[in-house]
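Okay, structure first, notes after.
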Amino acid sequence: MRYFRLYAYFLRFSFSKALNFRLDFFFRIFMDIIYYFVNISFFKLVYLHTPLLGDWNESQIMVFVSSYLVVDAINMTVFSSNMWWLPYFINKGELDYYLTRPVSPLFFLSFREFSANSFVNFFMAFGLLTYALASYPTSFNFGELLLFAVLLLNGVLLYYAIQMMMILPVFWTHSSRGFVDLFYALGLAMERPDKIFKGWLRVIFTTILPFALIASFPTRLFLDKFEWQTLLHLTIVTISLWSVMLFVWRKGLRAYSSASS
């Protein structure tokens, strides 16, 4: 309950700050609308020239597109601003403030800022997903929709863990951003169906840097024939990645040089 109360304070502060900078608030909403439009238009254009991409038709790909837009909106709402500042705190020795709090420093650093404008955009992304599901030629029962929601939340956790793995090397490299630029470049793989990747690229994006597991695997388990092997693979990779991320985080704290050292 202490963490819930703390997060409630984070929310109150974040919304208050957003309302004090209204131009920035509405500008960011507009930018995300453009991002959604570009992503949907790209696939609409592709399907003017082919009936299938990978093994998905247009109705299936629209569910996939709206799924990763929802995952991205949640990440932008909850984690993105916090991830942006983390390398600066590490390099300037300002983690001291968070390490001395009577709560988990990883929780504090990951959740302290809530992006109010992206929260608005989450509802737009969720509306796109709802429309894609309502337009799909096959209906879904409650159990299938619940499983899909859980798998997308797992995708959010995967996205966060991959991003953290790209940031944590800052403890040792002391670079300004870590490997975040590489993360965003490779992150485009999340926006493509997993079946288009072959050979070693597929191994990388489904195991080592599992961007394909963020939205593509949940959509495949939801729309295609359900396979326990696919779900098991998704579960093992998620647990393994989080275990490695937490291990590197603890190692990074031991290597951290505080402002007072």
Side-chain angles (χ1 to χ4, degrees), residues 3-4 6-15 17-18 25 28-40 62-86 104 106-133 144-167 180 183-184 186-192 194 205 209-222 234-235 237-239 241-242 245:
Y3 282 88
F4 282 113
L6 179 60
Y7 195 61
Y9 285 117
F10 290 163
L11 293 177
R12 186 184 307 170
F13 173 76
S14 296
F15 277 99
K17 184 173 68 172
F25 177 81
R28 289 175 181 269
I29 292 175
F30 175 74
M31 290 298 294
D32 278 346
I33 291 174
I34 297 297
Y35 173 71
Y36 296 162
F37 175 78
V38 169
N39 276 266
I40 294 173
M62 285 300 108
V63 174
F64 164 68
V65 172
S66 53
S67 296
Y68 75 68
L69 291 179
V70 166
V71 170
D72 178 76
I74 295 175
N75 176 73
M76 293 295 293
T77 300
V78 180
F79 300 116
S80 184
S81 295
N82 300 297
M83 296 299 96
W84 174 267
W85 288 108
L86 181 55
S104 164
L106 187 60
F107 173 86
F108 208 125
L109 289 162
S110 299
F111 292 100
R112 68 187 186 89
E113 289 202 24
F114 183 91
S115 182
N117 61 283
S118 294
F119 184 57
V120 174
N121 293 330
F122 163 75
F123 288 103
M124 290 190 286
F126 183 75
L128 291 172
L129 178 58
T130 302
Y131 178 78
L133 293 175
E144 292 171 330
L145 292 171
L146 180 61
L147 175 63
F148 187 40
V150 171
L151 293 174
L152 288 182
L153 288 176
N154 184 79
V156 173
L157 296 178
L158 277 171
Y159 195 91
Y160 167 83
I162 298 171
Q163 189 171 9
M164 281 293 290
M165 286 297 295
M166 295 292 186
I167 292 174
V180 173
F183 166 78
Y184 285 117
L186 295 175
L188 293 175
M190 178 186 74
E191 303 174 6
R192 303 294 179 262
D194 66 285
F205 289 134
L209 293 170
F211 287 102
L213 274 59
I214 293 173
S216 194
F217 268 43
T219 305
R220 189 166 299 284
L221 284 167
F222 179 57
L234 182 60
T235 303
V237 172
T238 301
I239 294 174
L241 182 62
W242 265 81
M245 187 270 289

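Note that this is a predicted model, so its numbers are computed, not measured.
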>> Could you check whether any side-chain heavy atom of Phe217 comes within less than 4.5 Å of a side-chain heavy atom of Val237, counting everything from C-beta outward?
In response: no

> Roughly how far, to the nearest 0.5 Å, is the CZ atom of Phe64 from the CG atom of Leu129?
Replying inline: 12.5 Å

>> What verdict does the side chain to side chain contact (heavy atoms under 4.5 Å, CB included) test give for Glu113 and Trp84, after you've listed the backbone C-alpha separation in whole Å, the side-chain angles of each residue and the deciding distance to 0.1 Å?
In response: CA-CA 11 Å; Glu113 289 202 24; Trp84 174 267; over 6 Å; no

> Is there side-chain contact between Ile74 and Phe122, with heavy atoms separated by less than 4.5 Å?
Replying inline: yes

> Which atom pair, heavy atoms only, marks the closest approach of Thr77 to Phe119?
Replying inline: OG1-N, 3.3 Å

>> Can you give me the closest heavy-atom contact between Ser67 and Leu152, atom names plus distance?
In response: CB-CD2, 3.9 Å

> Just one of Leu69, Asp72, Ile29 clears the side chain to side chain contact (heavy atoms under 4.5 Å, CB included) bar with Asn121, so which one?
Replying inline: Ile29

>> Do Ile40 and Met62 make a side-chain contact, defined as non-hydrogen atoms from C-beta onward lying under 4.5 Å apart?
In response: yes

> Which pair of non-hydrogen atoms, one from Leu241 and one from Pro210, has the smallest distance, and what is that distance?
Replying inline: CD2-CG, 4.1 Å

> When rounded to the nearest 0.5 angstrom, what distance separates OG1 in Thr219 from CZ in Phe148?
Replying inline: 4.5 Å

> How close do Ser115 and Met76 get, heavy atom to heavy atom, and via which atoms?
Replying inline: CB-O, 3.3 Å

>> Checking Asn154 against Leu213 for the side chain to side chain contact (heavy atoms under 4.5 Å, CB included) test, could you report, in this order, the C-alpha distance in whole Å, the side-chain angles of both residues, the deciding distance, and whether it holds?
In response: CA-CA 9 Å; Asn154 184 79; Leu213 274 59; over 6 Å; no

>> Once rounded to the nearest 0.5 Å, what's the spacing between atom CD1 of Ile214 and atom CD of Glu191?
In response: 10.0 Å

> Above 12 or not: heavy atoms from other molecules or residues under 6.0 Å from OH of Tyr184?
Replying inline: yes

> Just how far is it from atom CH2 of Trp242 to atom CG of Leu157, taken to the nearest 0.5 Å?
Replying inline: 5.5 Å

> Going by heavy atoms in the side chains, are Leu221 and Leu147 under 4.5 Å from each other?
Replying inline: no

> Which heavy atom in Asn82 sits nearest to a heavy atom in Ser110, and how many Å separate them?
Replying inline: ND2-O, 2.7 Å

>> Tell me whether the rings of Phe183 and Phe211 are parallel (<30°), tilted (30 to 60°) or perpendicular (>60°).
In response: tilted

>> Parallel, tilted or perpendicular, judged at 30° and 60°: which one describes the rings of Phe111 and Phe107?
In response: tilted

>> Using 0.5 Å steps for rounding, measure from the CE atom of Met190 to the CG atom of Asn75.
In response: 8.0 Å

>> Which heavy atom of Met83 sits nearest to which heavy atom of Met164, and what is that distance?
In response: SD-SD, 3.3 Å

> Can you tell me how far the CZ atom of Phe79 sits from the CG atom of Leu109, to the nearest 0.5 Å?
Replying inline: 12.5 Å

> Take atom CZ in Phe126; do more than 12 heavy atoms of anything else shown fall under 6.0 Å from it?
Replying inline: no

> Do Ile162 and Leu186 come within less than 4.5 Å of each other through their side chains, counting heavy atoms only?
Replying inline: no

